[in-house]
Colleague: 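Below is the structure I would like to discuss, written out as structure tokens.
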Amino acid sequence: MQLQHDDIKLGLAQAIDQALRKQGVELSSETIYDQIGKAPNIEMGHFAYPCFDLAKQFRKAPPLIAKELSAQIEPDRLIASVEAAGPYVNFFVNPQAMGDLVALPILDGRFFRKDLTRDTPKMMVEYSQPNTHKELHVGHMRNLSLGDALIRILQYAGNEVISSTFPGDVGTHVAKCLWYIKYHNTDPMPDTEKGAWLGRMYTLGSLKLEDELGSPQEAINRQQLSGILSQLEAEEGEFFDLWKETRQWSIDLFNWVYDWAGVTFDKWYWESEVDVPSVAYAKTLLQRGIAIESQGAIGVDLSEYNLDFCVLIKSDGHGLYATKDLELARRKFEDFHIERSIYVVDVRQSQHFQQVFKVLELAGFEEAEQCYHLAYNFVELPDGPMSSRKGNIIAIMDLIRQMVDRVIREYLEQYRGDWPDAEIEEVANIITKGAIKYGMVRVDPNKKIVFELENWLNIRGESGPYIQYTYARINSILRNLNDHDLDSADWSLLTEPLELAILVKLADFNNVVALAAEQYKPNHLTRYLYELAQTFNGFYNSHSIKHTESAALKGARLLLSKAVAVCLREGLALLNIPVPERM
RNA sequence: GGUCCCGUAGCUCAGUUGGAUAGAGCAGCUGACUUCUAAUCAGCAGGUCCCAGGUUCGAGCCCUGGCGGGAUCACCA
């Protein structure tokens, strides 16, 4: 539920409210506020109020109501003029008021510290659940970008949010990797890029195991794998030592990527730490009669909820993914006293979470209804889904390297000698972050992304770098033209339609972020930032800031530009995308 | 078969909770840098919003039924 934080809409709602009262009609201010929208284009108006809902009360046709209503609204500090257009009342606003209520608060930061939403439970967002002993691929990057952006947006909207991650450091995938290293690998142990090497071992292992299914070798393999798993569980033996060492290699890779992306977690939960306790918990469910024994396994029959049977303890006594999530869900609420728990996990786990939440509910864990699986669709390649198991993945490392190289070669090489080499390297990384994160988050979470490398490396048009470029461009203008510090401007001089279009767009920032927070959809923000940048670039290309008829107008345009830059920077920050000072 | 998601321009996607003439990018074509950053901008072209009903002042959006694609459904995670 959004608070009424938009001063412009509030001002318009007041004027409409007064005009309606004069005609003897009373509406709640919320209703009016919520109905105020944008005019279709800047020639028709800046904001619009539709009169359809008034038809019943007035017993008149909406166009007639719009006409009478607009006649009742007097221009004031905010409202420059009012026009009825069919069933709509269209408002033109004064640049002076827009400057005071929008641009100035943006420039001094007040604008970004408003409370946007009413219900702000303390929540935990869990995201990034990579498996050790596998390579991180671009699919993991979507999860990382989405979860990180979501947390920042939720915090901005006023929620207290704790971030957590849940890496999978135990399980059969680990055994397959260690199995291959020990029994089949002939390469020397690596000195560098150990995480990536491990990922290859996993792929080779799972391919070999798949190959040998149905062969005499199968039984031997099975025995060897089970031996490995036993050692890991007993926490002793050569495989346990190898596990400890190689596990760290993967963690080092995770940390490299997290550092690069600027992501941190308040809490790391490990599958290995909840494994044993989760099985113990499942046994209590059996005792309580919530779980039953079936076909040698122990689980909960959820068929009456259309969720099938949820196995919690395998016939060999081991727990499963669902078992661990049962334990983890409870720990989260205990450890941090949260009121809401969000899981950013790909859509293929939907049924898994439905089962987990339902079992918790049946077990009497009331917070289960505050657990929410934020399912997003996965990233796939043009020729089908990615699979570490099969080895057809694009590693995050490879994407980053290729993109950094491309950015330097195509755009930054021209500055070589002029800029320090370190800055070229840094800016290339900033741009790469912009391209990758923006690309991952711009698509609606429940639509899949078909990853085509060449499209991603081409960063023209709608992209993170477009917005970063606009920021750097404004920065350059300010550097060159802002000879003395401006702290105020005569906003009333900004009468060009494109200048007003910018102000109107700026005013919408908080509405968009609030919407993104409500819907858990950061793509509303990416879209907004792109449109804001686009609006500015349109203005920039048709109006000179440097050459104006007066110094006052130049000052106003400079401050307007600066407000755009601040807004772009703050918006990108919510996506954890940095901006370069020049590019 | 059950459940969930998707279907909008050649391709990739928006569409602010039901509002005015459905918008961007890529690809294609035409223009704009001795000027404040051309990683940009302006313009052209491109549409049965999967189909059929329904709800109402109004539907790309909501409801019902189809069609097409994807995911998932007992000891992997």
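To find a chain, count down the sequence lines: A is the first, B the second, and so on, and within it residues start at 1.
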Colleague: Within this structure, what is the CG-to-C1' distance between A:L312 and B:rA77, rounded to whole angstrom?
Modeller: 15 Å
Colleague: Would you indicate what A:V443 reaches in the nucleic acid, counting non-hydrogen atoms under 4.0 angstrom: base, sugar-phosphate, or nothing?
Modeller: sugar-phosphate
Colleague: Please work out if A:P40 contacts a base, only the sugar-phosphate, or nothing of the nucleic acid, heavy-atom cut-off 4.0 Å.
Modeller: base
Colleague: Nearest to the side chain of A:Y530, which nucleotide is it out of B:rG25, B:rU17, B:rA74?
Modeller: B:rG25
Colleague: Would you mind classifying the nucleic acid contact of A:E452 as base, sugar-phosphate or nothing, using non-hydrogen atoms under 4.0 angstrom?
Modeller: nothing
Colleague: Among the nucleotides B:rC57, B:rC13, B:rA77, which one has an atom lying closest to any side-chain atom of A:R442?
Modeller: B:rC13
Colleague: Check the distance between B:rU56's P and A:D53's CG and give it to me in whole angstrom.
Modeller: 15 Å
Colleague: Between B:rG1 atom C1' and A:N306 atom CG, what is the distance in whole Å?
Modeller: 12 Å
Colleague: Hey, what's the ring geometry for A:H140 with A:H137, parallel, tilted or perpendicular (30° and 60° as the breaks)?
Modeller: tilted
Colleague: Indicate for each nucleotide in nucleotides 33-39 of chain B, in 5' to 3' sequence, whether protein heavy atoms under 4.0 Å reach the base (B), only the sugar-phosphate (S), or nothing (-).
Modeller: ---BBSB
Colleague: In whole angstrom, give the distance that lies between atom CD of A:E454 and atom P of B:rG25.
Modeller: 20 Å
Colleague: Is B:rC33 in the syn range, within 90° of 0, or in the anti range?
Modeller: syn
Colleague: Applying the side chain to side chain contact (heavy atoms under 4.5 Å, CB included) criterion to A:H524, which one of A:L529, A:V512, A:V513, A:I153 satisfies it?
Modeller: A:V512
Colleague: Using a 4.0 Å heavy-atom cut-off across all strands, classify A:Q295 as base, sugar-phosphate, or nothing.
Modeller: base
Colleague: Applying the Watson-Crick and G-U wobble criteria at under 3.5 Å, what pairs with B:rA42? Answer none if nothing qualifies.
Modeller: B:rU30
Colleague: With heavy atoms under 4.0 Å as the rule, sort A:D444 into base, sugar-phosphate or nothing.
Modeller: sugar-phosphate
Colleague: Distance check, rounded to the nearest 0.5 Å: A:T548 atom OG1 versus A:L553 atom CG?
Modeller: 5.0 Å
Colleague: Only one of A:Y127, A:Y269, A:F357 clears ring pair (Phe, Tyr, Trp, His ring centres under 6.0 Å) with A:Y343; which?
Modeller: A:F357
Colleague: Looking across every strand, which nucleic acid part, if any, lies under 4.0 Å from A:N90 by heavy atom: base, sugar-phosphate, or nothing?
Modeller: base
Colleague: Would you mind classifying the nucleic acid contact of A:K448 as base, sugar-phosphate or nothing, using non-hydrogen atoms under 4.0 angstrom?
Modeller: sugar-phosphate
Colleague: Could you tell me how far apart A:H524 (NE2) and B:rU17 (P) are, to the nearest whole angstrom?
Modeller: 9 Å
Colleague: Do A:T132 and A:D169 have side-chain N/O donor and acceptor atoms under 3.5 Å apart?
Modeller: no
Colleague: Pick base, sugar-phosphate or nothing for A:E531, based on heavy-atom distances below 4.0 Å to the nucleic acid.
Modeller: nothing
Colleague: Is B:rU17 syn or is it anti, if syn means the base angle is within 90 degrees of 0?
Modeller: syn
Colleague: Would you please name every residue forming a ring-ring contact (aromatic ring centres under 6.0 Å, His included) with A:Y321, sequence neighbours left out?
Modeller: A:H352
Colleague: Taking atom C1' of B:rC76 as reference, at what distance in whole Å does atom CG of A:N221 sit?
Modeller: 17 Å
Colleague: Between A:D308 and A:S303, is any side-chain donor less than 3.5 angstrom from a side-chain acceptor?
Modeller: no
Colleague: Assign A:A48 to base, sugar-phosphate, or nothing according to its heavy-atom contacts below 4.0 angstrom with the strands shown.
Modeller: base
Colleague: May I ask you to say what A:T172 touches in the nucleic acid, namely base, sugar-phosphate or nothing, with a heavy-atom cut-off under 4.0 Å?
Modeller: sugar-phosphate
Colleague: Provide, to the nearest angstrom, the distance between the CD atom belonging to A:E304 and the P atom belonging to B:rC73.
Modeller: 21 Å
Colleague: Provide, to the nearest angstrom, the distance between the CG atom belonging to A:L225 and the C1' atom belonging to B:rC76.
Modeller: 12 Å
Colleague: Using a 4.0 Å heavy-atom cut-off across all strands, classify A:R527 as base, sugar-phosphate, or nothing.
Modeller: base
